[in-house]
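One-based numbering, in listed order, for ligands and for the atoms of each.
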Amino acid sequence: MLKEIYYPDRDFAKQARIKNMCEYRDLAGWAKEDYEGFWDHWAKEKIDWFAPYEKVLDESDAPFYKWFVGGKLNVSHQCLDRHLDQRKNKAAIIFEGDRGDKQVITYLELYRNVNRFANLLRNEFGVKKGDRVVLYMPMIPEAAYAMLACARIGAIHSVVFGGFSAEALRDRIIDAQAKVIITADGAFRKDKPYMLKPVVDTALEEGCDSVEKVLVVQRNFEDIVWIGGRDYSYNELIGQQSDTCEPEVMDSEDPLFLLYTSGSTGKPKGVQHAQAGYILWAQMTMEWVFDVKENDTYWCTADIGWITGHTYIVYGPLAAGATTVMFEGVPTYPDAGRAWKMVQEYRINQFYTAPTAIRVLHKLGEHEPEKYDLSSLKVLGTVGEPIDPPAWKWYYEAIGGGRCTIVDTWWQTETGGHMISPLPGATPVKPACATFPLPGIMAEVLERDGTPVEPGEQGLLCITKPWPSMIRTIWGDPERFKKSYFGDVVKEGKPVYFSGDGAVIDEDGYITITGRVDDVINVSGHRLGTAEIEAAIKKHPHVAEVAVVGKPDDLKGESIFAFVVLKEVDDSFGEEAELAKEINEVIAQEIGNIAKADTIKVVPGLPKTRSGKIMRRILRSIAKGEEIKQDISTLEDPSIVAQIQTCVIG
Ligand code: PRX
């Protein structure tokens with residue numbers, strides 16, 4: 001596979017932490033030869049331990065791996081306290097609100113704010129080590145304070161993305177048996193207030209008996225309902241809290257947070273991360289992949305509701321002692337130059353976003369970047385979905401001025417941090433390619449039987465050795481954990497972690513991610529399970545059966561295409577467009593607007609095998625308008641294919 005190669009800028013490479021491919025190979029080789037020694041070295045060098053660990057890796061209960069066994073630490077101490085000697089007056093968080101309001105929060109101020117928050121939770125609300133706290137928050141500094149406050153007192157946070165509906169929020173609250181909810185009245189988007197607290201109120205109407213208190217940060221000061229004895233104003237309580245708070249002594253393997261994500265079947269999974277391994281890799285990848293230096297300003301545009309916001313807005317940057325920018329608004333408001341204006345204004349050095357954002361900013365404002373001085377940029381990152389070569393090139397040239405390495409970082413909620421990515425001072429990059437596994441990460445493209453695929457062939461992207469920041473289990477469902485990740489690929493007799501992604505490796509060893517091979521779709525970098533969307537659509541009273549597939553989309557990566565079979569059609573059934581609208585309302589209610597279907601087609605039946613399995617590949621081809629190449633003779637009713645095609649085209 002011949003592709004153009006882009007080399008790192010020489011001056012940048014000279015000062016980078018990993019300066020060339022020899023240094024990369026040395027590190028990767030070290031990890032291969034002495035895996036535990038490699039991780040032992042970094043854990044000792046990077047983490048400020050309260051008490052040392054006894055063992056680097058315990059594999060005795062695989063795949064429930066344990067790292068840095070017996071070690072004691074506190075993640076908020078790692079992110080805050082240990083920086084106070086060197087960086088107390090350095091900006092930790094630079095916040096820009098939707099309306100252009102700004103706040104610079106130094107490490108000392110952040111430390112104090114987190115301590116006050118931690119004291120509020122611990123002393124006023126009685127939150128203890130191991131309790132679950134759900135955050136349903138906008139992108140405001142208080143969201144970061146809340147996460148770090150939980151880490152400080154040993155509570156397990158579960159951040160739920162603010163775009164999820166009351167139903168989705170309720171499911172997550174119940175699954176985690178949360179004791180406290182932290183939310184905001186709402187926030188601002190495109191200069192208008194929007195609301196979050198009413199969604200919490202609806203979520204709590206049923207089945208959330210575990211919830212004792214709701215803490216509300218007042219951000220937009222819109223009117224909300226306050227329930228006495230349950231709802232408390234952060235703004236009123238915080239001033240009374242002491243700004244010192246003893247950090248809880250945590251074990252390496254105590255849970256740090258849960259983050260729910262979609263799988264190929266059923267309800268979302270509560271991915272559980274642990275303390276030491278997670279924070280170690282968050283910090284190391286910040287240093288290696290973004291090469292963040294003392295005076296740099298780093299900006300990741302993700303939302304804290306996703307793993308990228310956890311690892312690369314809050315934990316990674318702060319553990320590395322960096323300055324992290326937090327942005328409440330959207331990069332296209334008031335125009336498609338907003339992000340570039342911010343890059344100019346804050347002299348951003350590392351910029352990290354999703355391919356969908358790049359495509360949208362390219363489409364809406366191809367020439368916007370020319371209006372701004374983007375010369376501060378050193379490293380550009382992308383994450384969340386495959387990036388296409390045209391978007392890559394625009395990013396490289398128009399934003400990076402042909403100077404900045406694009407780090408196409410492949411990773412997942414489950415991996416905690418980057419796994420496959422270029423190193424900005426070392427890796428010769430091929431466009432739209434995640435390149436090589438990071439040192440210490442044993443990523444391979446395999447067949448189901450564990451044999452490596454031939455160069456150019458599509459295979460399954462697996463990680464063949466445990467790594468420190470890996471998922472520990474699915475909250476409350478260890479069996480599902482085993483089945484979801486360690487059930488599909490076996491190498492040398494041992495089940496290995498399978499990511500759910502397909503990939504291709506070329507003859508130079510470059511890995512290109514081709515996308516999910518399971519029933520997960522990726523819309524604008526948001527991961528959604530087809531099973532979840534189907535379950536929502538089935539709640540519509542007219543729907544008998546439904547199958548959802550992803551359809552390639554120029555802007556969003558994939559769009560959602562639903563084939564629905566109706567119950568007996570009676571007179572109350574109107575136009576297809578009307579039904580589609582109703583179905584989307586149900587989806588918005590059950591999951592959130594992000595899961596609304598772009599296309600909904602009523603069809604007479606679904607292509608099923610004789611054993612009743614829906615042949616989604618056929619539906620994917622129909623959605624794309626492709627010719628059907630699959631063998632349809634094994635279908636229970638092969639004629640259904642032509643009938644569906646007629647409905648879709650008609
Ligand atoms: O399919 C891969 C895609 O995003 C999935 C993980 O989604 P999530 O857990 O929500 O985490 C997103 C942020 C890390 C992966 O299974 N993905 C992630 N990064 C890339 C990617 N696909 C292609 N290229 C990437 N760089």
| said: Taking the cut-offs as 6.0 angstrom to the six-membered ring centre and 45 degrees off its axis, would you call Arg472 and Tyr65 a cation-pi pair? | reply: no
| request: Give a yes or no on whether the backbone of Ala597 and the side-chain of Asn584 come within a donor-acceptor separation of less than 3.5 Å. | output: yes
| How about Arg17: does its CZ atom have over 12 heavy atoms from other parts shown lying under 6.0 Å from it? | yes
| Atom-level proximity to ligand 1, residues with heavy atom under 4.0 Å | Ile307, Thr308, Val383, Gly384, Glu385, Pro386, Asp408, Thr409, Trp410, Trp411, Gln412, Thr413, Asp501, Ile513, Arg516, Asn522, Arg527
For residues 314-325, run the donor-acceptor check on the side chains, cut-off 3.5 Å, and write out each pair with its distance to 0.1 Å, sequence neighbours left out.
unit_1, atom_1, unit_2, atom_2, d
Tyr315, OH, His157, NE2, 2.7
Thr323, OG1, Ala91, O, 2.7
Thr324, OG1, Ile313, O, 3.0

| message | Taking the ring centre of each residue, are Tyr136 and Phe164 less than 6.0 Å apart? | response | no
| request: Specify whether Tyr396 and Tyr6 have parallel, tilted or perpendicular ring planes, treating 30° as the upper limit for parallel and 60° as the lower limit for perpendicular. | output: perpendicular
